[in-house]
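The next block holds one structure in the form of structure tokens; read it before the comments.
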There are 2 protein chains.
Amino acid sequence: MTFSEENYLKTIYHLMAVSDAGISTNAIAEKMETKASSVTDMLKKLAEKELVNYVKYQGVSLTEKGQLAAKMIVRKHRLWETFLVEKLDFSWDEVHDLAEQLEHIKSEKLINKLDDFLGNPTEDPHGDAIPDANGRITKIEKQLLSEMDKNRVGICVGVKDTSSDFLKYLDKQEIALGSHIEIIEKESFDSSFRIRVETKEITISHKIASNLYIK
Amino acid sequence: MTFSEENYLKTIYHLMAVSDAGISTNAIAEKMETKASSVTDMLKKLAEKELVNYVKYQGVSLTEKGQLAAKMIVRKHRLWETFLVEKLDFSWDEVHDLAEQLEHIKSEKLINKLDDFLGNPTEDPHGDAIPDANGRITKIEKQLLSEMDKNRVGICVGVKDTSSDFLKYLDKQEIALGSHIEIIEKESFDSSFRIRVETKEITISHKIASNLYIK
DNA sequence: AAATTGTTTTAGACTAGACTAAAAAATATT
DNA sequence: AATATTTTTTAGTCTAGTCTAAAACAATTT
Ligand SMILES: [Mn+2]
Ligand SMILES: [Mn+2]
Ligand SMILES: [Mn+2]
Ligand SMILES: [Mn+2]
């Protein structure tokens, strides 16, 4: 499988996690910053290889085979991110682009040894689940901070937006995975939140709150 | 720089280490298992980018810029090999092909952090020197076992042939980097060697002896 | 139901990197 | 010095992956 094929599979996989319906050509093109015509070409090729179910004009979905292949790429991506943060001391906002390269290294043995070396982690530095060697995923029940009520407490276990900008903002506010969070007040006017992070009280916008997962 | 360009640079670099003269198109083609015409095309492109000195029909050599670029690829290759053996517990005959992939990951920061993580090694698992971040190489004086006289003793510090077959043979004979070697006898008839490896006495062919570096 | 708008596919072109076959240049042999 | 052989380059073709522009189809509005 080529780099490009792998990137398409991964994109379709991520889009399927959001909407259950058939994934549209345009949605893929937009996410990959490419043109719809390029997507159509690739979908034909992936369909030929039985990695996707593709019917002209009706969007696309992964086959079982395609799903497993996609999961293996996601597995590699998240294990490499974990390696970079845990072992090489990168910060969580730096690792995504590197993992985009590393996820294409072809070797089952390598990734399984890396998995062992890291102690078989179940989540990556952004709180996202790492599929195991068989593609199995242990889901963690978590909730967006924006959907929680006043006075609730919990632990920050993940981020929805993993952009460098957002992660740096969280660093500045000293919000990290594992941080203890308490909802002090919800401002109905602008939907902002007054929260306590560990011992410190801060105000965050609704946008921030809707990108933080709490358990 | 593309994967392919990097592979050509690396090949030219390795060929230059052997012969000082201009590297021939055919030599590159043979080493890369490609066709001479493909090589010519690429040499033009690399010359355009000022990575090689190329004059039609007269072979090619690396420019300063090309040399540094090649050294950085070799650096990455050897650091990744070291990582695989030291940290992930691969054996020395398994890592080359993986490093061929990993050497193309683009990030100075990553490779320098990896270097630190490994304790800034100066040699890879095959005894080959690892260039530092500036491309500097600490040469180790070493000698082919085949060029040593009877009764000489030393330590095995490297292998010339790094093929999986040869390395597996060495494993079988319990010859490793660091092994104490003593030359007991040189058979003039077939140029074979009777040697002591640590405490064990064995006979090795001339071909084997000419692929072992001793210090 | 027809017309408009938006989406998707097709057709055709381009680039990188490979190949084969033929031409040109260099080298070796007589 | 002329001829034969080998090496290298050129010319032209192919594939993967991308793009633009046009055509086909689907969805929405009137
Ligand atoms: Mn990521
Ligand atoms: Mn992640
Ligand atoms: Mn190697
Ligand atoms: Mn090596």
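Reminder, nothing fancy here: chain letters follow the sequence lines and each chain counts from 1. The structure presented is a predicted model; accordingly, all values stated were derived computationally and were not measured.
- Taking a cutoff of 4.0 Å between a charged side-chain nitrogen and a carboxylate oxygen, B:R75 and B:E108 do not qualify as a salt bridge.
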Is there any protein nitrogen or oxygen under 3.5 Å from a nitrogen or oxygen in nucleotides 19-23 of chain C, and what are the pairs?
{"residue": "C:dC19", "atom": "OP2", "partner": "B:T34", "partner atom": "OG1", "Å": "2.6"}
{"residue": "C:dC19", "atom": "OP2", "partner": "B:K35", "partner atom": "N", "Å": "3.1"}
{"residue": "C:dC19", "atom": "OP2", "partner": "B:S38", "partner atom": "OG", "Å": "2.8"}
{"residue": "C:dT20", "atom": "O4", "partner": "B:S37", "partner atom": "OG", "Å": "3.0"}

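- At a threshold of 4.0 angstrom between heavy atoms, the contacts of B:F3 with the nucleic acid are absent.
- Between the CD atom of A:E6 and the C1' atom of D:dA16 there is a distance of 15 Å, given to the nearest Å.
- Rounded to an integer number of Å, the gap from CG of B:L43 to P of D:dT7 is 16 Å.
- Looking at heavy-atom distances under 4.0 Å, A:T40 makes contact with a base.
- Rounding to the nearest 0.5 angstrom, the gap separating the CD1 atom in B:I28 from the OG1 atom in B:T34 is 10.5 Å.
- Taking atom NZ on B:K44 and atom P on C:dA18, their separation rounds to 15 Å, with Å as the unit.
- We find that CD of B:Q58 is positioned 13 Å from C1' of D:dT7, with the value rounded to whole Å.
- Distances were taken from every side-chain heavy atom of B:K56 (C-beta onward) to each of D:dT8, D:dT10, C:dA16; the shortest belongs to D:dT10.
- Atom CD1 of A:I28 is separated from atom C1' of D:dT18 by 16 Å (rounded to the nearest Å).
- The phosphate of D:dT8 has OP1 or OP2 within less than 4.0 Å of a side-chain N or O from B:N26.
- Within the 4.5 Å cutoff, side-chain heavy atoms of B:L110 are placed close to those of A:F90.
- Here A:S4 lies in heavy-atom contact (under 4.0 Å) with sugar-phosphate atoms only.
- Within the 4.5 Å cutoff, the side chain of A:P131 has heavy atoms near those of the A:V74 side chain.
- Here C:dA16 presents its P atom at 16 Å from CE of B:M1, a figure rounded to the nearest Å.
- Residues A:K109 and B:E94 are in side-chain contact: their nearest non-hydrogen atoms beyond the backbone lie under 4.5 Å apart.
- B:N7 places its CG atom 14 Å from the C1' atom of C:dA16, with the value rounded to the nearest Å.
- Using cut-offs of 30° and 60° for the angle between ring planes, the A:F166 and A:Y169 rings count as parallel.
- A sub-4.0 Å separation between OP1 or OP2 of D:dA16 and a side-chain N or O of A:Y8 is absent.
- Side chains of A:D124 and A:H77: a donor-acceptor N/O pair is absent below 3.5 angstrom, by distance only.
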